[in-house]
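Scope of the values below: all heavy atoms of this structure, side chains included, with no hydrogens, waters or symmetry mates. Values in this document were obtained by computation on a predicted structure and should not be read as measured data.
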2 protein chains.
Amino acid sequence: MQKRVSLRDIAERVGVSIALVSYVLNGREKEMRVGSEVVKKIRKAAEELNYQPNQIARSLRMQSTKTLGMIVADIANPFFGSLARIIENEAMKFGYTVVVGSSDENPVQSESLVTVFMNRQVDGFIITPTEGSEQQIRQLVENQVPVVLLDRYFPGIDVSHVVLDNRKASFDATTHMIRHGTRNITMVAYRQNLSQMEDRIGGYEEAMHHHGLNSSKHVVKIRKEHIRKDMRNMFDTLAPGKRSGSGLIFANKALALAGLYCIRQRSLKVPDDVDFVGYDGGEAFDLFSPPLTYIRQPVTQMGKCAFSILMGLINGNGKGEVRKEWLLPELIIRNTGDLPAQPDDEFHGMYY
Amino acid sequence: MQKRVSLRDIAERVGVSIALVSYVLNGREKEMRVGSEVVKKIRKAAEELNYQPNQIARSLRMQSTKTLGMIVADIANPFFGSLARIIENEAMKFGYTVVVGSSDENPVQSESLVTVFMNRQVDGFIITPTEGSEQQIRQLVENQVPVVLLDRYFPGIDVSHVVLDNRKASFDATTHMIRHGTRNITMVAYRQNLSQMEDRIGGYEEAMHHHGLNSSKHVVKIRKEHIRKDMRNMFDTLAPGKRSGSGLIFANKALALAGLYCIRQRSLKVPDDVDFVGYDGGEAFDLFSPPLTYIRQPVTQMGKCAFSILMGLINGNGKGEVRKEWLLPELIIRNTGDLPAQPDDEFHGMYY
DNA sequence: AATATATGCTTAAACGTTTAAATAATCAAA
DNA sequence: TTTGATTATTTAAACGTTTAAGCATATATT
């Protein structure tokens, strides 16, 4: 790697001090009353030498790296990939760079990412917190590190967050099924102590209760590590499709996909044998026969919102307000034989 | 954000110089013959104050940031997301951090990412080059910046790369179809001047030629920006399914998905009406009726390989060898009514 | 004529590390 | 007793910026 040109190189070539060069290249020549001749010469030299500022040196001096740390469950998951993409785009606009890490839903990994990012002096965090990471988050907040939680939050910590209104999402999905004549509705969720899951289950229960179907409420909790096995068990036990009016609501995409495997395996028809609603869309939902009903999250809005809150925290230097956002879901109703509307040609890049 | 503890804080508390603290905390106490009592005291103080090194300061001094720049087409695309994930994991093991940027297949954006990352003094790059970015890459190489190209490469530049053996992949896919009795095979590709596309098309042509089907060779080039429209046109013109022995090979996943829309729209059956092979797998391919045949890329291997080559370049300080890797594809043969084998429960995280 | 103000530029410290070189003290060998 | 190692520690420069403070010189104001 060749040595890069520094302010010193320009200063020497022009025959002035480093300070002057810095002032000019930062556009402070008026304020600092730099002679117009000198300004020209410095600009010219910078151009000729193709000067690029060393952001590391600047960071050290300024105590601000213009870097954000983002911790998601898994960047290979297109939901998080899309969020990362949106935040990356926003960040770029404001001169920020994003470093992304995947916690794998593991609090130990999450902790180590926080440490690595802190050592790299990131200016703030956007975090998808994992089960068991409550203490970490609390510590960050106590140390006055700018943090925004995304996708999940901890009711017990007073920190900004941007999440889907999961309760409403499940409520709407359940209500939709009930209106459709489905009575025997099962909520299939992860066995996981996170706001997300709890709210997704809560909304379902609320809707069932609201429609007087309390007695037929049924929540199945599946272990993430045994998703296939537990899913098969569920299908064997519940035998949806055997009795009429069965419906399944899957609390996330991984569950829905595992469920769809079982549905295909048992040659069940949607919605006649089992009614279906999943969280998050995707190719598989569009191309299934029939295309499937799902809850769409406003991913773009989530990303932009989280970013702008974080900017507020960072630039408000400690006085940035805590903001808590629950964004609205959209129920994409299908489960019919018709092909889903094709996205327009202009559409690309965003997988949700 | 609270002030963090520095070497100076420890030095003052123990009553020694900063240098000594640095030596000890870097494990150089033997080499530097630091008194064992002092070592203990420094360790203790560091522990008590919960000292964390400032990586920015270290980077400035060491002229090495332990950071890698990764530029992909789109991090929201699970193929790139998976690659990013693998590289992130590898990097972590070696104390590196990865900053990822999405070029959107746009050379201007790619250029600006390169600049941003260079200013942040990344130690090396892993790049998925876009059409028209040849000059940028050439410049990096000339400036002796460690670079590894991933997924695509430029035959005209002598720089390390890790790509799928796309030629073989298409050759195998085409041969498989021909053996299966499909004669009327169309290759559906992007109109794009990248090694990837050219090789994917080339392998198809080679196989057709090899089996004496030169006259029925047919390559359709679709514009990325008008993928839906061009795809519909193709189906209207070619009318696959109208004549027997029709087959379609899609040069990437986006094309395959757009193609599957049309297949469903026209109620064509795979493989009776149209035979099908796509690049890259995914939920949609697994859950389609029937599950679809596709070319699997060894994503994990690609990521690990690219990373290790980059490490060689960085640590070989300029003498690291240029390595060019073409990795082997795997043809996942299906197109039958059977459900695909379910991934094991242990499987998770990797979407390819 | 003395003082104030404006202009144009330089000096030097600071950010938090690493590390070569200097220093000082102890001890062994001549 | 001097010299030479050995051991333990400090000093200070360097990495490339930013920026407060200082210093001339010229011009304007009393």
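Not a single ring-ring contact (aromatic ring centres under 6.0 Å, His included) links A/F154 to another residue, sequence neighbours left out. Annotation: side-chain hydrogen bond (donor to acceptor under 3.5 Å, both in side chains) contacts of B/N54 (sequence neighbours excluded): none. By the side-chain contact (heavy atoms from CB on, under 4.5 Å) test, A/S308 is found to be paired with A/R323, residues two or more places apart in sequence or in another chain being considered. Checked against side-chain contact (heavy atoms from CB on, under 4.5 Å), A/S59 has the following partners two or more places apart in sequence or in another chain: A/Q55, A/T65, B/I56. With sequence neighbours left out, A/S102 forms a side-chain hydrogen bond (donor to acceptor under 3.5 Å, both in side chains) with B/E88. The ring-ring contact (aromatic ring centres under 6.0 Å, His included) search around A/F117 returns none, not counting sequence neighbours. Residues satisfying the side-chain contact (heavy atoms from CB on, under 4.5 Å) criterion with A/D158, sequence neighbours excluded, are A/V322, A/K324. For B/Q301, the side-chain contact (heavy atoms from CB on, under 4.5 Å) test picks out B/P298, B/L327, with sequence neighbours left out.
Distance, A/Y23 OH to C/dT7 P: 17 Å, rounded to whole Å. Atom CG in A/L20 sits about 16 Å away from atom P in C/dA12, given to the nearest Å.
Using modelled atom types, no side-chain atom of B/S103 and backbone atom of B/Q109 make a donor-acceptor pair closer than 3.5 Å.
Residue contacts for B/I56: at a heavy-atom cut-off of 4.0 Å it reaches no nucleic acid atom on any strand shown. Here B/S6 lies in heavy-atom contact (under 4.0 Å) with sugar-phosphate atoms only. Counting non-hydrogen atoms under 4.0 angstrom, B/S22 reaches a base of the nucleic acid.
Looking at residues 62-69 of chain B, you'll see B/M62 sit with a heavy atom under 4.0 Å from some atom of DNA chain C. Heavy-atom distances under 4.0 Å link DNA chain D to A/R28 of residues 27-40 of chain A, given in residue order.
With values rounded to the nearest 0.5 angstrom, A/S6 atom OG is found 7.5 Å from A/E12 atom CD.
Summary of the strand contacts: B/G15 and B/L60 both lie near DNA chain D, and taking for each the nucleotide with the nearest heavy atom, the more 5' one is attributed to B/G15.
For the residue pair B/R4 and A/N119, a side-chain donor N or O sits within less than 3.5 Å of a side-chain acceptor on the partner.
Tested against A/E111 for a side chain to side chain contact (heavy atoms under 4.5 Å, CB included), the candidates A/Q135, A/Q136, A/Q139 yield a single pass: A/Q136. Of the listed residues (A/E105, A/E134, A/E131), just one forms a salt bridge (Lys or Arg N to Asp or Glu O under 4.0 Å) with A/R152, and that residue is A/E105.
Along DNA chain D, read 5' to 3', the first and last nucleotides having any atom under 4.0 Å from a heavy atom of chain A are D/dG16 to D/dA20.
Between its two ends, the helix from C/dA1-D/dT30 to C/dA30-D/dT1 turns its axis by 80°, counting five pairs per end and rounding to 10 degrees.
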